A.B. asks: 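Below is a structure I'd like to ask you about.
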Number of protein chains: 2
Amino acid sequence: MRRVNLDSMASSRNSRLYAGMAAEERQAERRLRLIQAAIEVYGEVGYRNATVKAVCEAAELTERYFYESFANSEALLIAAYMHVCDTLHADMAAAADACAGDPEARMTAALTLYFTRLREHPRPARVFLLEISGISPAVDAVKLTVSRTFSEILVPPPDIAPHADRGQNLLSTGMVGAVISIALRWVSKGYPQPVEEIVAATAAFCRVALSGHSHRGKV
Amino acid sequence: MRRVNLDSMASSRNSRLYAGMAAEERQAERRLRLIQAAIEVYGEVGYRNATVKAVCEAAELTERYFYESFANSEALLIAAYMHVCDTLHADMAAAADACAGDPEARMTAALTLYFTRLREHPRPARVFLLEISGISPAVDAVKLTVSRTFSEILVPPPDIAPHADRGQNLLSTGMVGAVISIALRWVSKGYPQPVEEIVAATAAFCRVALSGHSHRGKV
DNA sequence: CCTATCTGACAATCTTCCTTGTCAATATCT
DNA sequence: AGATATTGACAAGGAAGATTGTCAGATAGG
């Protein structure tokens, strides 16, 4: 009849401790291991050539634990994608917000951090620039959300956001597309140019979106 | 012993006429049917969900004829992609060259034709904007060639091309990325804006690459 | 020490699709 | 009309991988 230990800490509810961790913690750790393994494997062979088995082996876990945390391969892809983007965007936002008030400096700071990271971590970069396209509607939806965040870090919308910013969305889309394309080329060619040059080229496209905010009387 | 008809035309070499066509013609027609069917099917369900069987059924041919013309699915994808792009680019180039001498008008003419076509033919558009990414190195290589052509139609490089146009390639890449991204969004949202608005937005990004040609003293 | 839980290895099943092969029906040429 | 190339329908073979199931060994709690 449920002899629950009331004396111990609340976190170890009704689960046995293994390796000093509660069931939830162990599962969370496995999940994270799978995500990190996925980033490695996807970076090596690409998402569509990566098998569940290969990811599990890289994570040193068995398939059983794959299905414990993810419904299917696609779910892992989305989780891995968001994992990468979330941390990247958080850092970009921090770098950008340090330059509050100066849109040009903000852009440059965020872009510099972005491309520096891409060069430091080629595998995640490869995957999440190249392989993320056209997998499925669910993935595309995630990608859309992510690129919106990306765009708002680079060029934050005016505080008093106009109800329908139709033209602005087009410019944001184009800006993100330009940055991603340049990044993709840079990565796949093995980083031939220095970061500064890439930042300068992408900044030129970001300025298009930036100046779009001011030309608002026309619509 | 090879009783070849020397009196008939040279094209009907050693093949029996079927439906009034020589073997080569019949095969070429089947190949074309497969390509057109592929565009339809890919547009409906996407390349990676399209089976060989489905394409063959759409073409009203059997699998046997698939392997007659293509080594595998990927070969058909590439052929279909190039089929679409070749005709599109030819028309864009014609529209652009009609405005020779005026870079701005040239850009606008080519973009207008591009987006008009996209709206007229949603299925090919969907496939060849969205699904073409990250299939394989071979497909990526084709894509690279195509986007180079695309970029040169929009913003032709100076006649006396400088030996190493490093920065220019980055700008071209970004420009194409911006245009494609905007096109993709436009198509997938069901063409909410009029063509003129899309052309105006994309032209803003093309001008970045255009003006890149003149800023050449810096490097 | 003993029991119940947890883990890891691995096999079995199942599905899906590619690819090749067979065979009868059809169309053309002589 | 007869011989042969050509076509279309369809099935058999085969490969790859996802997903589930089994089972023995390891580990923590009592």
Side-chain angles (χ1 to χ4, degrees), chain A residues 1-9 12-31 33-34 37-38 41-42 45-77 135-136, chain B residues 1-9 12-31 33-34 37-38 41-42 45-77 135-136:
Chain A
M1 300 146 194
R2 290 221 205 136
R3 301 201 308 147
V4 178
N5 272 2
L6 291 175
D7 56 319
S8 70
M9 47 200 165
S12 67
R13 288 253 168 155
N14 45 9
S15 68
R16 176 180 290 185
L17 287 182
Y18 255 67
M21 306 163 77
E24 305 151 353
E25 292 177 271
R26 295 196 304 274
Q27 167 162 352
E29 201 218 315
R30 285 193 291 261
R31 184 188 152 91
R33 294 243 306 267
L34 284 168
V41 173
Y42 294 168
V45 301
Y47 168 68
R48 74 202 78 237
N49 296 323
T51 66
V52 171
K53 192 175 181 183
V55 172
C56 293
E57 279 171 5
E60 294 181 314
L61 293 169
T62 58
E63 292 99 315
R64 161 214 282 255
Y65 295 111
F66 181 92
Y67 294 100
E68 177 194 48
S69 285
F70 303 101
N72 48 42
S73 293
E74 196 181 304
L76 174 57
L77 175 66
I135 304 292
S136 79
Chain B
M1 293 151 190
R2 290 223 204 136
R3 301 202 305 148
V4 178
N5 272 3
L6 290 175
D7 56 319
S8 70
M9 48 201 164
S12 67
R13 289 254 169 154
N14 45 10
S15 68
R16 177 179 289 186
L17 287 182
Y18 256 66
M21 306 163 76
E24 305 152 352
E25 292 177 89
R26 296 197 304 273
Q27 167 162 351
E29 201 219 315
R30 285 193 291 261
R31 185 188 152 92
R33 293 244 304 268
L34 283 167
V41 173
Y42 295 168
V45 304
Y47 168 67
R48 69 202 81 237
N49 297 323
T51 65
V52 171
K53 192 176 181 183
V55 172
C56 292
E57 281 172 2
E60 294 181 313
L61 292 170
T62 58
E63 292 100 315
R64 163 212 283 250
Y65 295 111
F66 181 92
Y67 294 101
E68 177 195 48
S69 285
F70 303 100
N72 48 43
S73 294
E74 196 180 303
L76 175 56
L77 175 67
I135 304 291
S136 79

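Chain naming here is simple, since letters A, B, ... match the order of the sequence lines and numbering starts at 1 in each. Computed from a predicted structure; not experimentally measured.
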A.B. asks: May I have the distance from Lys53(A) (atom NZ) to dA18(D) (atom P), rounded to whole angstrom?
C.D. replies: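 Those two atoms, NZ and P, are 10 Å apart.
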
A.B. asks: Tell me: CD of Glu68(A) to P of dG8(C), nearest whole Å?
C.D. replies: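 Taking atom P of dG8(C) as the reference, CD of Glu68(A) is at 10 Å.
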
A.B. asks: Grab the CD-C1' distance between Glu29(B) and dT6(D) for me, whole Å please.
C.D. replies: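 One finds 14 Å between C1' of dT6(D) and CD of Glu29(B), rounded.
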
A.B. asks: If you pin Ala50(A) and Thr62(B) to their nearest nucleotides in DNA chain D, which one's is more 5'?
C.D. replies: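 Its nucleotide being nearer the 5' end, the pick is Thr62(B).
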
A.B. asks: Could you tell me the separation between the CZ atom of Phe66(A) and the C1' atom of dA18(D), rounded to a whole number of Å?
C.D. replies: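 Rounded to whole Å, this separation is 9 Å.
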
A.B. asks: Show me the donor-acceptor pairs, under 3.5 Å and distance only, between side chains in residues 50-66 of chain A and residues at least two apart or in other chains.
C.D. replies:
residue  : atom : partner  : partner atom : Å
Thr51(A) : OG1  : Ala54(A) : N            : 3.0

A.B. asks: Just how far, in rounded Å, is P of dT7(C) from CD of Glu25(A)?
C.D. replies: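 Atom CD in Glu25(A) sits about 12 Å away from atom P in dT7(C).
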
A.B. asks: Look at the side chain of Leu17(B) and decide which nucleotide, out of dT7(D), dC29(C), dA9(C), has an atom nearest to it.
C.D. replies: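 Ranking dT7(D), dC29(C), dA9(C) by closest atom to the Leu17(B) side chain puts dC29(C) first.
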
A.B. asks: Check the phosphate of dT7(C) against Arg26(A), side-chain N and O only, distance under 4.0 Å to OP1 or OP2. Yes or no?
C.D. replies: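 Answer is yes, contact under 4.0 Å.
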
A.B. asks: So for Tyr18(B) and dT28(C), does any side-chain atom that can act as donor or acceptor lie under 3.5 Å from a complementary atom in the base?
C.D. replies: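 Absent.
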
A.B. asks: Measure from CZ on Phe70(A) to P on dG17(D) and round the result to the nearest Å.
C.D. replies: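 Spelled out: CZ on Phe70(A) to P on dG17(D) is 20 Å.
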
A.B. asks: Does Tyr65(B) make a side-chain N or O approach to OP1 or OP2 of dG8(D) shorter than 4.0 Å?
C.D. replies: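 For dG8(D), OP1/OP2 do have a side-chain N/O of Tyr65(B) under 4.0 Å.
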
A.B. asks: Between CD of Glu74(B) and OH of Tyr47(B), what distance do you get to the nearest 0.5 Å?
C.D. replies: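 Taking CD in Glu74(B) and OH in Tyr47(B), the distance rounds to 5.5 Å.
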
A.B. asks: Quick one: which of dT7(D), dC10(D), dA9(C) gets closest to the side chain of Glu63(B)?
C.D. replies: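 The answer is dC10(D), which lies nearest to the side chain.
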
A.B. asks: Under 4.0 Å, heavy atoms only, any strand: does Ala23(A) hit a base, just the sugar-phosphate, or nothing?
C.D. replies: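 Nothing, no heavy atom under 4.0 Å.
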
A.B. asks: Can you tell me how far C1' of dT6(D) sits from CE of Met21(B), to the nearest Å?
C.D. replies: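 The answer, rounded to whole Å, is 14 Å.
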
A.B. asks: Please round to the nearest 0.5 Å and tell me the distance separating atom CG of Asn72(A) and atom OH of Tyr67(A).
C.D. replies: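 Here the rounded value is 8.0 Å.
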
A.B. asks: Distance check needed: dT19(D) P versus Arg64(A) CZ, whole Å only.
C.D. replies: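 So the two atoms are 16 Å apart, to the nearest Å.
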
A.B. asks: May I ask you to say what Thr51(B) touches in the nucleic acid, namely base, sugar-phosphate or nothing, with a heavy-atom cut-off under 4.0 Å?
C.D. replies: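 If one applies the 4.0 Å heavy-atom cut-off, Thr51(B) turns out to touch the sugar-phosphate alone, with no base involved.
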
